[in-house]
*Asks:* 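Handing you a structure now.
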Amino acid sequence: MTNQAAKLTRAVLVLEDGRMFRGRSYGAVGTTLGEAVFATGMTGYQETLTDPSYARQIVVQTAPHIGNTGVNDEDPESRRIWVSGYVVRDPARRPSNWRSEGSLDDELARQGVVGIQGVDTRAITRHLREHRTMRAGIFSGEAAERSDKELLDEVLASAAMEGSRLAEEVSVDEAYVVEPADHGWDGEPRFAIAAVDLGIKSMTPHRFAERGVRVHVLPAGSTLDDVKAVNPDGFFMSNGPGDPATADVQVNLLRSVLDEQIPYFGICFGNQILGRALGFGTYKLRYGHRGINQPVMDRRTGKVEITSQNHGFAVDAPLDGPTPAPESRYGRVEVSHVSLNDQVVEGLACLDIPAFSVQYHPEAAAGPHDAAYLFDRFIDLMEEQRQLDQQKTSQSEEAK
């Protein structure tokens, strides 16, 4: 079937509570299952589609007009599209942008991503906000001709996001290095870090590299020996999909790193893993935070940042001042950032060990750059730890 013919094919979005939205196919024709979520960004759809954190999710775009700038080979955040399905109201009939190298619907079809167009995305978004994110399916072509009961039964038989371990599915198989010299840095690297890929976006190592940091990107299942083998000045864990309650391997790795006093910075999934490593729990949000306009307060400075976010889980930590970590060997911790929409924990700062994290995305491709300072904060933390290590070495030599 040609993509032009696919545009005329019937399609239906089925939510697990039985609500159905009928439209026409967009992208590939067939069946897809996943968790229905909505994203509020008015720009950056290509970055959204290629963000590994959206693995096994059907993304509803609240912006009504999608695809007008087409797609290109420069903006993807990873090696492929990760969303399970895509829901839009009014797709562009043809792309119109000087950077465009193809149409969005053709790219979705090429990568086998099943979508639906011509539905009321406002109504879908309001339904998800009032009820919660939920399992869903998009059915088009022959699949859409089955009875409503058959379609709903297939959705209800699909896996829930709670309990899903997905980081290993989206991570790289082999380590690679991102060099500062390839991103405009002139001179020798200032630091080297080990970055565990749990669904890392390409812009993240880019942001480090342009500041003079060599980034060793490691697979999700890496061990402490793998980390120490690159002799890092710091350790980083990325964003990624799935339930943080399933990330025991990464939690244990981070605890080993913290015990070594290696400076740590985590983003999104990396924030949830720090929370778990410190002994806090995590929980699933009703409908999550997904978009590029989420207001967050830095409680240390009182400044408000407009942030890019994509998460459905959060850390359950006390908001009232510094508190001893449940894992007492890590000392005191405080919630450094909070969401101004719902007071969800958006950042953690350890006061007695060199570690901090945020729930949002400071690399923010196709988003605000208010939080870019966090990369510099991590560099400062590594510099402080380096000076402390040098002082200890000097004192040890003097004692001899």
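Counting begins at 1 with the first residue of the sequence.
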*Asks:* Is R89 salt-bridged to D120, going by a charged N under 4.0 Å from an acidic O?
*Replies:*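 No, this pair does not count.
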*Asks:* Between D233 and R386, is the closest basic N to carboxylate O distance under 4.0 Å?
*Replies:*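 Yes.
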*Asks:* Any side-chain heavy atom of Q61 sitting closer than 4.5 Å to one from T48?
*Replies:*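 Yes, side chains in contact.
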*Asks:* Keeping the roles fixed (side chain from H183, backbone from A209), state whether a donor-acceptor pair exists under 3.5 Å.
*Replies:*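 Judged by distance alone, no pair lies under 3.5 Å.
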*Asks:* When you check the side-chain N and O atoms of H337 and E346, is any donor under 3.5 Å from an acceptor?
*Replies:*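 Side chains of H337 and E346: no pair found under 3.5 Å.
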*Asks:* Are Y287 and F38 near enough that their ring centres are under 6.0 Å apart?
*Replies:*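 Aromatic pair counts; centres sit under 6.0 Å.
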*Asks:* Are K303 and D298 close enough for a salt bridge, meaning some N to O gap below 4.0 Å?
*Replies:*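 Salt bridge between K303 and D298, a charged N being under 4.0 Å from a carboxylate O: no.
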*Asks:* Is it the case that over 12 heavy atoms from other parts of the model lie below 6.0 angstrom from the CD atom of E142?
*Replies:*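 No.
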*Asks:* Under 4.0 Å between a Lys/Arg side-chain N and an Asp/Glu carboxylate O for R135 and E35?
*Replies:*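 Answer for the salt bridge query: no.
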*Asks:* Check this for me: does any side-chain nitrogen of one of E101 and R99 sit under 4.0 Å from a carboxylate oxygen of the other?
*Replies:*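 Looking at R99 together with E101, the answer is no, because their closest N to O distance does not fall below 4.0 Å.
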*Asks:* Nearest 0.5 Å, please: how far is CD1 in I306 from NE2 in H369?
*Replies:*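 The NE2 atom of H369 sits 13.5 Å away from the CD1 atom of I306.
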*Asks:* Between D153 and K149, does a salt bridge (charged side-chain N to carboxylate O under 4.0 Å, His left out) hold up when you go through it step by step?
*Replies:* CA-CA 6 Å; D153 286 345; K149 182 180 185 305; 2.8 Å; yes
*Asks:* Between D51 and E47, is there a donor-acceptor pair closer than 3.5 Å when you use the side chain of the first and the backbone of the second?
*Replies:*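 Flag not set: sc D51 to bb E47 has no pair under 3.5 Å.
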*Asks:* Taking atom CE of M134 as the centre, does the number of heavy atoms from other residues, nucleotides or ligands within less than 6.0 Å exceed 12?
*Replies:*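 More than 12 heavy atoms, drawn from other residues, nucleotides or ligands, come within 6.0 Å of this atom.
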*Asks:* Using a cut-off of 6.0 Å, state whether more than 12 heavy atoms not belonging to D320 lie near its atom CG.
*Replies:*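 Not buried by this count: 12 neighbours or fewer within 6.0 Å.
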*Asks:* Could you tell me whether D316 and R276 make a salt bridge, using a distance below 4.0 angstrom between a side-chain N and a carboxylate O?
*Replies:*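 Looking at R276 together with D316, the answer is no, because their closest N to O distance does not fall below 4.0 Å.
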*Asks:* Centroid separation under 6.0 Å, is that true for the rings of Y264 and F356?
*Replies:*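 No - the distance between ring centres of F356 and Y264 does not fall below the 6.0 Å cut-off.
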*Asks:* Rounded to the nearest 0.5 Å, what separates atom CG in L166 from atom OG in S171?
*Replies:*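 Answer rounded to 0.5 Å: 12.5 Å.
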*Asks:* Could E383 and R190 be called an ion pair, given the rule that one side-chain N must be under 4.0 Å from one carboxylate O?
*Replies:*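 Salt bridge between E383 and R190, a charged N being under 4.0 Å from a carboxylate O: no.
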*Asks:* Mind checking whether F208 and F236 have ring centres under 6.0 Å apart?
*Replies:*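 Centroid separation for F208 and F236: below 6.0 Å.
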*Asks:* Would you say R110's side chain and G27's backbone share a donor-acceptor pair under 3.5 angstrom?
*Replies:*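 Absent.
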*Asks:* Spell out, as yes or no, whether a donor-acceptor pair under 3.5 Å connects the side chain of N271 to the backbone of C268.
*Replies:*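 No.
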*Asks:* To the nearest 0.5 angstrom, please state how far the CZ atom of R286 sits from the OG1 atom of T133.
*Replies:*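 Spacing of CZ (R286) from OG1 (T133) equals 9.5 Å.
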*Asks:* Is a side-chain donor or acceptor of N72 paired with a backbone partner of D75 at a separation under 3.5 angstrom?
*Replies:*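 A pair under 3.5 Å: yes.
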*Asks:* With rounding to the nearest 0.5 angstrom, report the CZ to OG1 distance, R56 to T32.
*Replies:*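 It is 11.0 Å, given to the nearest 0.5 Å.
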*Asks:* Using modelled atom types and a 3.5 Å cut-off, is there a donor and acceptor pairing between side-chain atoms of D243 and backbone atoms of M161?
*Replies:*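 Side chain of D243 to backbone of M161: no pair is present.
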*Asks:* May I ask you to decide if S78's main-chain N or O and S202's side chain share a donor-acceptor pair within less than 3.5 Å?
*Replies:*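 Checking the backbone N and O of S78 against the side chain of S202, no donor-acceptor pair under 3.5 Å is found.
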*Asks:* Between the side chains of Y45 and T69, is a donor N or O closer than 3.5 angstrom to an acceptor N or O?
*Replies:*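 Result is yes, a qualifying pair exists.
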*Asks:* What I want to find out is whether E154 reaches R146 closely enough, with some N-O distance under 4.0 Å, to be called a salt bridge.
*Replies:*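 Between R146 and E154 there is a salt bridge, with a charged N closer than 4.0 Å to a carboxylate O.
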*Asks:* Angle class for the F265/F378 ring planes (parallel below 30°, perpendicular above 60°, tilted otherwise)?
*Replies:*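 It falls in the tilted class, 30° to 60°.
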*Asks:* Crowded around E130 CD? As in, over 12 foreign heavy atoms under 6.0 Å?
*Replies:*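 More than 12 within 6.0 Å, yes.
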